[in-house]
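Beneath this line is the structure, given in structure tokens, with notes to follow.
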Amino acid sequence: LNKSGVTGLKLNNYPSKFGNLLNNQVGTIQLTTDAVLNKSKHSAYQALLNDPVVDNAKSAEKLLDTMLVFQKEYLGYLK
């Protein structure tokens, strides 16, 4: 990533399990991107729910609310 844009890296000979891990994260990354581009708190919440380490919807909601309080300078645009 630089001022010219985003450049992908080709990964050769990586373990298939690593590829599976990356595929698992695609939805979370897409929802996070949507949250940023659309200034959407709901999409940020959905991104948290989509993350495989999050196993409780109420906890995810509390986490997001806490993040919005403590990181208002950076996340205050989410509505």
Side-chain angles (χ1 to χ4, degrees):
L1 179 65
N2 59 34
K3 62 184 172 184
S4 299
V6 178
T7 304
L9 297 174
K10 183 175 182 177
L11 299 176
N12 293 314
N13 302 318
Y14 61 87
S16 63
K17 291 178 181 165
F18 179 68
N20 292 337
L21 177 65
L22 292 176
N23 286 333
N24 262 350
Q25 293 299 316
V26 169
T28 302
I29 293 166
Q30 287 175 331
L31 288 164
T32 301
T33 302
D34 182 71
V36 171
L37 294 177
N38 295 306
K39 301 178 182 177
S40 171
K41 179 180 175 183
H42 184 70
S43 289
Y45 174 65
Q46 288 179 322
L48 282 173
L49 291 179
N50 194 68
D51 194 302
V53 301
V54 175
D55 63 355
N56 184 295
K58 285 281 186 200
S59 293
E61 187 175 16
K62 284 179 156 182
L63 174 63
L64 180 57
D65 288 340
T66 300
M67 289 169 63
L68 292 174
V69 168
F70 286 101
Q71 297 183 13
K72 186 176 183 173
E73 179 181 353
Y74 306 105
L75 300 175
Y77 63 89
L78 294 175
K79 306 290 181 207

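This chain uses plain numbering: 1 for the first residue, then up along the sequence.
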**OP:** Taking all non-hydrogen atoms of both residues into account, name the closest pair between Thr28 and Ala47 and its distance.
**Re:** CG2-O, 3.6 Å
Original post:
Picking from Leu31, Ile29, Val36, what satisfies side chain to side chain contact (heavy atoms under 4.5 Å, CB included) with Thr33?
Top reply: Ile29
Subject >> Atom pair CG (Leu64) and CD (Gln71), whose distance is rounded to the nearest 0.5 Å >> reply: 10.0 Å
Original post:
Does Asn12 CG have over 12 foreign heavy atoms under 6.0 Å away?
Top reply: yes
Original post:
What distance separates Leu48 CG from Lys62 NZ, expressed to the nearest 0.5 Å?
Top reply: 14.5 Å
**OP:** Find the distance between CG (Leu68) and OH (Tyr77) and round it off to the nearest 0.5 Å.
**Re:** 9.5 Å
Original post:
Can you say whether the rings of Tyr14 and Phe18 are parallel (under 30°), tilted (30 to 60°) or perpendicular (over 60°)?
Top reply: perpendicular
Original post:
Considering only heavy atoms from C-beta outward, does the side chain of Lys41 approach that of Asp65 to under 4.5 Å?
Top reply: yes
Original post:
Hey, mind stepping through Gln46 and Asn50 against side chain to side chain contact (heavy atoms under 4.5 Å, CB included) and telling me if it holds?
Top reply: CA-CA 6 Å; Gln46 288 179 322; Asn50 194 68; over 6 Å; no
Subject >> Distance-minimising heavy-atom pair for Ala60 and Val54 >> reply: CB-CG1, 3.8 Å
Original post:
Does any non-hydrogen side-chain atom of Met67 lie less than 4.5 Å from one of Leu63?
Top reply: yes
